[in-house]
Structures are given as C-alpha cells and as structure tokens.
Amino acid sequence: MTELKNDTYLRALMREPVDYTPVWMMRQAGRYLPEYRKIRATAGDFMSLCRDAEFACEVTLQPLRRYPLDAAILFSDILTIPDAMGLGLYFETGEGPKFERPITCKADVEKIGIPDPEDELGYVMNAVRTIRKALNGDVPLIGFSGSPWTLATYMVEGGSSKAFTKIKKMMYTDPQTLHLLLDKLADSVISYLNAQIAAGAQSVMVFDTWGGVLSPRDYKDFSLQYMAKIVDGLTRFADGRAVPVTLFTKNGGMWLEDIAATGCDGVGLDWTIDIETAKARVGDKVALQGNMDPSMLYASKERIEQEVSKILAGFGNGGTGHVFNLGHGIQPDVNPDNAGYFIESVGRLSKPYHQK
Ligand code: CP3
C-alpha cells in the first residue's frame with residue numbers, strides 16, 4: 001500500500017469530506033502544451049508516444065509540473081483496444097483516427113477476440129507501472145477506456161463520424177451483430193481496466209463520447225447496458241482502498257438517474273446541464289465531475305473566474321462529491337496560462353464551500 005500525499009480527488013469521488021474541490025482536465029496532456037509538442041516531434045507520431053512507457057510517462061507528468069492538479073491521467077488513447085483486436089489504427093494528419101480494416105459484417109465481428117491486456121496491450125500496462133512509480137504518491141493516477149458503444153462507432157465507421165450512418169444502419173438492420181460486438185468490447189474493457197488497476201491505476205473512467213447521439217431507448221440498449229456490465233465486472237478495491245469508477249456520457253444529461261443506477265461512483269457531466277440540477281437529481285447517489293465548457297478557456301481571466309464561481313455555487317454547500325473538470329477535452333489552441341488560471345481559481349474559490 002502506497003501513502004498518497006494528496007487523495008482529495010479519490011475522497012471527493014467517494015463523497016468523503018475534503019478541504020477544497022479537486023480539479024483535473026480531460027486531455028490535460030496534449031497539444032496546447034509546447035513541451036508536449038516537443039516530445040511528440042521526438043517520438044514521431046502519436047501512437048509511438050503511447051507505445052513508449054518513458055515518453056507516455058513524461059507527457060503524463062507535464063501538466064502536473066505546471067499546475068496544482070489533483071490527479072494524473074494515463075497518457076494513451078481509447079482506440080488501443082480496437083487496434084489490439086487487429087483493426088490497424090492510424091492517424092491521418094488533420095483528420096483524426098482511422099482504421100485500415102473496419103468492421104462491416106457478422107463475420108468480421110466473429111473473427112475478433114478479447115485482447116490480452118499484458119500481451120497486445122502490455123505497452124499500456126508498462127506505461128501505468130512507469131507513471132505510478134514516477135508519481136511517487138503525489139496524486140492518484142486515473143486509468144481509462146472508451147465505452148463499448150463509443151469504441152464500436154470508430155470500428156464500424158472506420159474513423160470519426162458526424163452522422164454515424166454505418167453503425168446506425170447496423171443497429172437497425174442487424175442488431176444481433178452489433179450486440180455481439182458490444183458484448184466482446186465490454187469483456188475487453190473489463191479485462192483492460194482490471195489490468196490497469198492491477199498495474200497501479202487508482203481510479204478508472206469510461207469515456208462514452210458518442211452515447212448522446214442515440215435515442216433514449218437505444219442509449220439504454222446499446223450503450224448503458226454495456227457500461228453497467230463493465231461497472232459490475234470491475235475491481236472496486238485495491239492497494240488498501242476503494243477504486244472509484246466514473247462514467248461519462250457526453251450529452252447524457254437526460255439519463256443521469258439511469259447512469260447513476262449502474263452503481264458507478266462518479267458521473268461525468270458536459271456543460272449542457274446545470275450542475276445544480278444534476279446534483280438535485282442524483283447527488284445523493286453519486287459524485288459529479290464537471291462541468292465548465294472547455295471553450296470558456298478562450299475567455300478573459302475574469303470571465304473564467306466568474307464561471308468557476310457559478311459552477312461551485314451551483315454545486316453548493318457541503319460541497320463534497322464534486323470533482324471539478326471541463327465538460328470535454330481541452331482544445332489544442334488554448335493558452336496554457338488560462339488553463340493555469342482556471343485550475344488555480346477552483347482551488348482558491350472552493351475552500352469556503354468545505355469549511356466544517
Ligand atoms: O485526458 C488525457 O490527458 C489523457 C489522454 C487521452 C487522449 N485521448 C490523448 C490523445 C484520452 C483520455 C483520450 C480519449 C479519447 N480518444 C477519446 C474520448 C474522450 C474524448 O475526447 O471524447 C476519444 C473519442 C479518442 C479518439 C481520438 N484520439 C481522437 C478523436 C483524437 C484526436 C485526433 C486529432 O488529430 O485531433 C485522438 C488523438 C489523441 N488522443 C491526441 C491526444 C493528446 C492528439 C494526438 C496528437 O496529435 O498529438
């Protein structure tokens with residue numbers, strides 16, 4: 001068991017008392033940081049950065065050297081699982097992720113297996129072990145995965161998509177094939193996240209970036225059902241303490257009660273719902289993570305501070321159970337000083353909400 005010097009993030013997720021509201025940023029390691037761009041140029045490309053434990057560790061730590069963040073997040077990508085399934089992930093400059101061999105039919109789904117996390121995905125576990133050691137107990141390390149539905153969108157569309165026509169066609173014409181794929185993905189995510197926890201991740205988060213493009217009924221059948229299976233299959237206690245699980249469905253504000261009912265510890269919110277409303281609906285069951293619009297970081301320091309105050313006030317007194325974050329990933333053209341001001345404001349302005 002390692003002694004954690006700052007466990008504020010873990011305590012807030014378990015709705016235990018804290019001295020201030022902890023904060024981290026989705027995509028906190030990335031292109032908005034000049035030191036990231038430098039290492040990325042040395043590594044050559046994004047996946048080479050992920051595959052090298054020393055590089056992955058270095059970029060994970062970069063934002064923590066600049067800012068008083070309360071958690072580190074593993075530097076990797078959600079598309080490591082489909083890559084390990086043999087789909088051939090590559091990144092086309094300016095176009096985002098692509099697959100050489102997308103899923104088109106039942107035979108393609110039947111062919112894929114559950115990747116061995118210590119074999120095909122061993123580079124991710126090596127990164128977790130390296131980062132955990134380098135953190136030296138300063139702050140907890142968050143592991144992560146994509147949700148089965150979100151991973152399936154990339155696997156069936158062959159990359160990023162706007163209208164999701166290929167996967168929706170499969171959903172409405174051949175639902176059994178899609179369910180077979182989602183079930184294999186759920187089993188893969190369970191084994192992948194449990195391996196991250198065994199390697200040293202102290203909390204895990206599931207990114208359901210595209211659950212919000214589904215109708216309410218389809219969300220439950222094709223996304224939430226599989227995230228619930230994941231929550232049930234995860235290791236929830238390791239290294240002498242609870243390992244909190246956060247589920248984040250972008251645009252999922254309509255379904256907060258259903259998400260909370262999976263038994264997860266935290267629910268991630270994007271900026272399209274008021275945190276006050278979210279807290280009134282599910283605050284007695286789960287912690288909430290969020291939820292400032294990442295584009296607010298383009299605004300003035302005064303405007304950023306005003307927004308932080310509003311969100312803290314919206315969550316209100318007895319403010320435990322809140323992890324401050326952006327409602328989605330930080331944009332690559334944000335000024336790093338503004339990100340720093342945001343993080344510092346959360347620390348300073350949240351203290352009065354936690355006085356005993
Ligand atoms: O939060 C963190 O700091 C940890 C790292 C992290 C990355 N991707 C690094 C990354 C995490 C948690 C992710 C998750 C991820 N990846 C998601 C879910 C979260 C979300 O943002 O909705 C999704 C949908 C992906 C798939 C993916 N990977 C996309 C759409 C892109 C962007 C492509 C582009 O060119 O903009 C990536 C690449 C990626 N993943 C980068 C980073 C830092 C940029 C790579 C680079 O060019 O350096």
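The analysis underlying the following values was restricted to heavy atoms, covering all of them including side chains, and did not include hydrogens, waters or symmetry mates. Atoms within each ligand, like the ligands themselves, are counted from 1 in listed order.
Here the shortest heavy-atom pairing between Tyr20 and Gly347 reads CB-O, 4.2 Å. Summarising the geometry of Arg15 relative to Asp284, their closest heavy-atom pair is NH1-O, 2.9 Å, with the distance given to 0.1 Å.
The pair Lys229-Asp183 meets the salt-bridge criterion, since a charged nitrogen lies less than 4.0 angstrom from a carboxylate oxygen. Taking the charged nitrogens against the carboxylate oxygens, Lys168 and Asp218 have no contact shorter than 4.0 Å, which rules out a salt bridge. For the pair Glu305 and Lys301, the salt-bridge criterion is not met [side-chain N within less than 4.0 Å of a carboxylate O]. Classification of Glu58 and Arg65 as a salt-bridged pair holds, one side-chain N sitting under 4.0 Å from a carboxylate O. Ion pair Lys220/Asp258 flagged as a salt bridge, since at least one NZ, NE, NH1 or NH2 atom sits closer than 4.0 Å to an Asp/Glu carboxylate oxygen. Under the 4.0 Å criterion applied to side-chain N and carboxylate O atoms, Asp108 and Lys111 are assigned as salt-bridge partners.
Remark: Asp19 engages Lys356 in a salt bridge (charged side-chain N to carboxylate O under 4.0 Å, His left out) (not counting sequence neighbours). For the salt bridge (charged side-chain N to carboxylate O under 4.0 Å, His left out) test, residues two or more places apart in sequence or in another chain that qualify with Glu257 are Arg281.
Heavy-atom proximity to His328, at under 4.0 Å, picks out these atoms of ligand 1: 20 (C), 21 (O), 22 (O). Annotation for ligand 1: atoms under 4.0 Å from non-hydrogen atoms of Thr209 are 18 (C), 19 (C), 20 (C), 22 (O), 24 (C). Counting atoms of ligand 1 from 1 in the listed order, those under 4.0 Å from a heavy atom of Phe207 are 12 (C), 18 (C), 19 (C). The ligand atoms of ligand 1 that sit less than 4.0 angstrom from a heavy atom of Phe75 are 43 (C). Interface of Gly96 with ligand 1, defined as ligand atoms under 4.0 Å from a residue heavy atom, comprises 33 (C).
Using bins of under 30°, 30° to 60° and over 60° for the plane-to-plane angle, the ring pair Trp255/Tyr219 lands in the parallel bin.
A donor atom on one side chain and an acceptor atom on the other are not found under 3.5 Å apart for Tyr353 and Thr21.
The option with the heavy atom closest to atom 35 (O) of ligand 1, from among Met25, Glu95, Arg31, is Arg31. Atom 28 (N) of ligand 1 has its nearest heavy-atom neighbour, among Thr93, Asp77, Thr60, in Asp77. Residue Arg27 holds the heavy atom nearest to atom 1 (O) of ligand 1 of all those in Lys250, Glu92, Arg27, Arg40. Taking each of Asp45, Leu49, Ile78 in turn, the one with a heavy atom nearest to atom 17 (C) of ligand 1 proves to be Ile78.
Among protein heavy atoms, atom 24 (C) of ligand 1 sits closest to Tyr154 OH, 3.1 Å. At the shortest separation from atom 38 (C) of ligand 1 among protein heavy atoms lies Phe91 CE2, 3.4 Å. Given atom 45 (C) of ligand 1, the protein heavy atom at minimum distance is Phe46 CD1, 3.4 Å. If you check which protein heavy atom lies closest to atom 11 (C) of ligand 1, you get Phe144 CZ, 3.6 Å.
Looking at Met26 against ligand 1, only its backbone comes within 4.0 Å, counting heavy atoms. Here Leu74 has backbone heavy atoms under 4.0 Å from ligand 1, and that is the only part of it that gets that close.
Within the 4.0 Å heavy-atom shell around ligand 1 one finds Tyr36. In this structure, Ser76 has a heavy atom closer than 4.0 Å to ligand 1. Ligand 1 has at least one atom lying under 4.0 Å from a heavy atom of Ala29. The shell of residues lying under 4.0 angstrom from ligand 1, judged by heavy atoms, excludes Met205. Taking 4.0 Å as the cut-off, Phe248 does not count as a neighbour of ligand 1 on heavy-atom distance.
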